[in-house]
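Everything quoted here is computed from the prediction, not taken from an experiment. In what follows, every chain begins at residue 1, and chains take the letters A, B, ... in the order their sequences are listed.
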Protein chains: 2
Amino acid sequence: MPGLSEIARAAGVSISTVSRVLNRRAGVNEETRQRVLSVLAEMPYTPRGLGALQRTGVIGLLVPELSNPVFPAFAEALETRAARLGYSSLLCNTRSGAPMGEEEYVRMLLARGVEGMVFVSPEITNVEVPLGQAPQPSYYAKLLADGVHMVFLNGATPALDVPDVTVDEQLAGYTATKHLIELGHERIGFVSGPARSLPSRLKRAGWAAALEEHHLPAGSDLVAHAPFSAEGGGQAMATLFETVAPTAVICSSDHMALGVMREAHQRGVSVPDELSVVGFDDIPLAAYSSPALTTLAQPIEEMATAAIDELVLRLDPDRRRPGSDNYTRVFRPRLVVRESTAPPKQDT
Amino acid sequence: MPGLSEIARAAGVSISTVSRVLNRRAGVNEETRQRVLSVLAEMPYTPRGLGALQRTGVIGLLVPELSNPVFPAFAEALETRAARLGYSSLLCNTRSGAPMGEEEYVRMLLARGVEGMVFVSPEITNVEVPLGQAPQPSYYAKLLADGVHMVFLNGATPALDVPDVTVDEQLAGYTATKHLIELGHERIGFVSGPARSLPSRLKRAGWAAALEEHHLPAGSDLVAHAPFSAEGGGQAMATLFETVAPTAVICSSDHMALGVMREAHQRGVSVPDELSVVGFDDIPLAAYSSPALTTLAQPIEEMATAAIDELVLRLDPDRRRPGSDNYTRVFRPRLVVRESTAPPKQDT
DNA sequence: GAGGTTGTTGCAAGGTTTTGCGGAATTGTT
DNA sequence: AACAATTCCGCAAAACCTTGCAACAACCTC
């Protein structure tokens, strides 16, 4: 919407100068250049050629990382659905290199003429982002005000009027724990992601609810926090082994669960005989570990489809339906029992 | 360089019509639209606003798929290195949806103002692409002629003057096979990717060379082709079990190797006691399977660094060094021995 | 078969961005 | 302190893209 003139006025220079800065032509003082650039960062400018070219048929997909295979799996499902609807996708790894945060990536995408975007497990999910690099709560709000179309996948926030698609994390935690309780376990640990991660908190709530329902302990000594990674899972499990030695654990992700199983293997603890493990996500490789991982499946395809469909609905003025904002869809996780869970050995 | 008017003249329509096509406005006949689009494909048009904005600081990364974890791993390494040099990356999954091939993706990226790109295992690697959707050999040549900066990663072709970074696939096949021979195996199979894949062919050559060196059989009955996936690996292994029943196999990728191990597990064949398995790539999860996978590591970080550095060198006129085209770097794969290989049981 | 309707295209006006040029400000030199 | 050189910026003209409008053609309807 804003043209060069807006930028120029805000920066206190002439249109010509802004144009020169944008085209990296010589003859602009460094100080002036910086001033213009900072204004440019505030009010995202897309060159008219592209800005007016509204229907680029390109959407952005923002994922927090690529090492946990859920994210590639989500990305692929999202891309496939988008392609079917005639959109091509640009994938961005928001934690790729330290220097570039989610926010800058979004600005870049906007400048590249992206029509809308899907945030997978966005920053906003982190209850307290470390100080300094915190995207202000206003950041997404600003985007929203700018008329950027977006959808959250597994990272809703009630404060914002953005459509979102999620799994019921709490139900997932509850179901996993219940499964273990029914097998006869009584000391059930939780290998959790970082404490600031909202999904991990929700899972913990479900875990605690199931345990309390059966009058089993749900103290914080049964919970070990670690980064989301296989290594993290291994470390957290190491802690639990040393302290409470649970007979079963649930994990924040399959990726962490793999680390847990490796740690058990290295300690000579047999899975599932001596330790039952439940993962989350049902990544494609979960069936290929040995023992094959019992896990709670996110319906990745369905969720991806729902997210893309909702986004496209908002993109395409023809298909836009009347005032159905505040769209939220919650999917139920599905328990997939494989080989990594079994009743506890009775010699406990 | 060419403006709308050029395109219009070439397509035999007015400027207005071209503008309408570009903006996907209604009111253009489908036939006319196609004509304009085909002209547009010939002379890639970048809207003035972006074409002039030459230094966008964005590069494109094209990977063939995301389900095999090597590709996310490469993508992450490439992104990290690019970010360190001040470039942000756009990742594209070229097989995401059927409708969009590698070529269209490249055009799209170019139109989005990408400065250069890295092709990971590009289409060109396929010796004979299925008829019809074949990117003409001239396709990359055309890009090259248009002055697009690119680098091939694991997919060189001597016909083109494009820098490339690869692992020595043949050496990988040789080393893996040699390792198994030294353990005492004599009937060594090869679970290969599709026959048209050049890397698989090279690995096979290395495999055959090692076997022949020790006067061991290397017939085509020991080779089973299947798609690059865990399922594919399982199927290929099933075939081998039924026919030659090897005591060891090497695989085209770790991903396939996981499928092989699963198939063995399901048949009650113990790895490594009754079947030794060697993978390729050393994906991050290779250490987390059980038994942990013996594999040939691609030095992913180093290769990614080399590829990005070479690309950036060509992008940045200041750093460009004199006439050092035809750059090629070959990395040696590294044997990582874990738990999936052992001497054959002597009851054979 | 005439008139109306719908769809497609070019023209020209209007708005936005680029760029050549001149003037002002700053710096260095004598 | 004055002059010259350089750098930097705004003005205005030119180039470019978008869009309303009208013309034309094809098709349908009566």
Side-chain angles (χ1 to χ4, degrees), chain A residues 1-58 107-108 110-115 146-147 315-319, chain B residues 1-58 107-108 110-113 115 317-318:
Chain A
M1 173 106 49
L4 266 196
S5 50
E6 298 262 344
I7 311 278
R9 200 154 37 75
V13 296
S14 76
I15 296 182
S16 330
T17 304
V18 179
S19 171
R20 276 187 272 258
V21 170
L22 278 175
N23 296 354
R24 317 204 179 196
R25 302 191 82 81
V28 177
N29 189 14
E30 183 57 28
E31 195 184 330
T32 315
R33 212 173 69 84
Q34 287 305 329
R35 199 166 70 244
V36 173
L37 282 178
S38 70
V39 171
L40 230 42
E42 289 303 310
M43 31 169 85
Y45 164 76
T46 52
R48 181 163 184 69
L50 270 194
L53 192 99
Q54 285 158 351
R55 301 285 209 76
T56 55
V58 181
R107 294 277 170 226
M108 189 267 277
L110 251 27
R112 297 271 82 67
V114 162
E115 287 183 60
D146 287 354
L315 255 36
D316 194 338
D318 303 340
R319 298 188 222 177
Chain B
M1 171 113 42
L4 266 197
S5 50
E6 297 263 342
I7 310 278
R9 201 153 37 74
V13 295
S14 77
I15 295 182
S16 331
T17 305
V18 179
S19 171
R20 276 188 271 258
V21 170
L22 280 173
N23 295 357
R24 314 199 187 196
R25 301 194 82 80
V28 177
N29 189 14
E30 183 57 29
E31 194 184 329
T32 316
R33 212 175 69 84
Q34 287 306 329
R35 198 166 71 243
V36 173
L37 283 178
S38 71
V39 170
L40 229 41
E42 289 303 309
M43 32 171 82
Y45 164 77
T46 50
R48 188 170 181 65
L50 270 194
L53 194 99
Q54 285 161 352
R55 298 283 208 81
T56 56
V58 181
R107 290 284 168 214
M108 189 267 277
L110 251 26
R112 299 269 84 69
E115 288 184 59
D318 303 339

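- When all heavy atoms of A/S19 and A/L4 are compared, the pair lying nearest together is CB-CD1, 4.0 Å.
- For C/dT8, the OP1/OP2 oxygens have no side-chain nitrogen or oxygen of B/T32 closer than 4.0 Å.
- Rounded to the nearest 0.5 angstrom, B/L37 CG and B/R35 CZ are separated by 11.0 Å.
- Atom P of nucleotide D/dC16 and atom CZ of B/R9 are separated by 12 Å, given to the nearest angstrom.
- Atom-to-atom, CZ of A/R33 to P of D/dT7 comes out at 16 Å; the value is rounded to the nearest Å.
- Note: CD (A/Q34) to C1' (D/dC8) measures 16 Å, nearest angstrom.
- Remark: A/V13, A/S14, A/S16, A/T17, A/R20 in residues 12-20 of chain A come within less than 4.0 Å of DNA chain D through at least one heavy atom.
- At distances below 3.5 Å, not a single donor-acceptor pair connects side-chain atoms of B/R33 with backbone N or O atoms of B/V21.
- In this structure, A/E30 atom CD and D/dC9 atom C1' are separated by 16 Å, rounded to whole Å.
- No more than 12 heavy atoms of other residues, nucleotides or ligands sit less than 6.0 Å from atom CD of A/E31.
- Taking all atoms of both residues into account, the shortest heavy-atom contact from B/V18 to B/A8 is CG2-CA, 3.7 Å.
- The nearest whole Å value for the distance from the CG atom in A/N29 to the P atom in D/dT7 is 12 Å.
- Summarising the geometry of B/V28 relative to B/R20, their closest heavy-atom pair is CG2-CB, 3.6 Å, with the distance given to 0.1 Å.
- In this structure, B/E6 atom CD and D/dC16 atom P are separated by 9 Å, rounded to whole Å.
- For A/L4 and D/dC9, the CG to C1' distance is 15 Å, given to the nearest whole Å.
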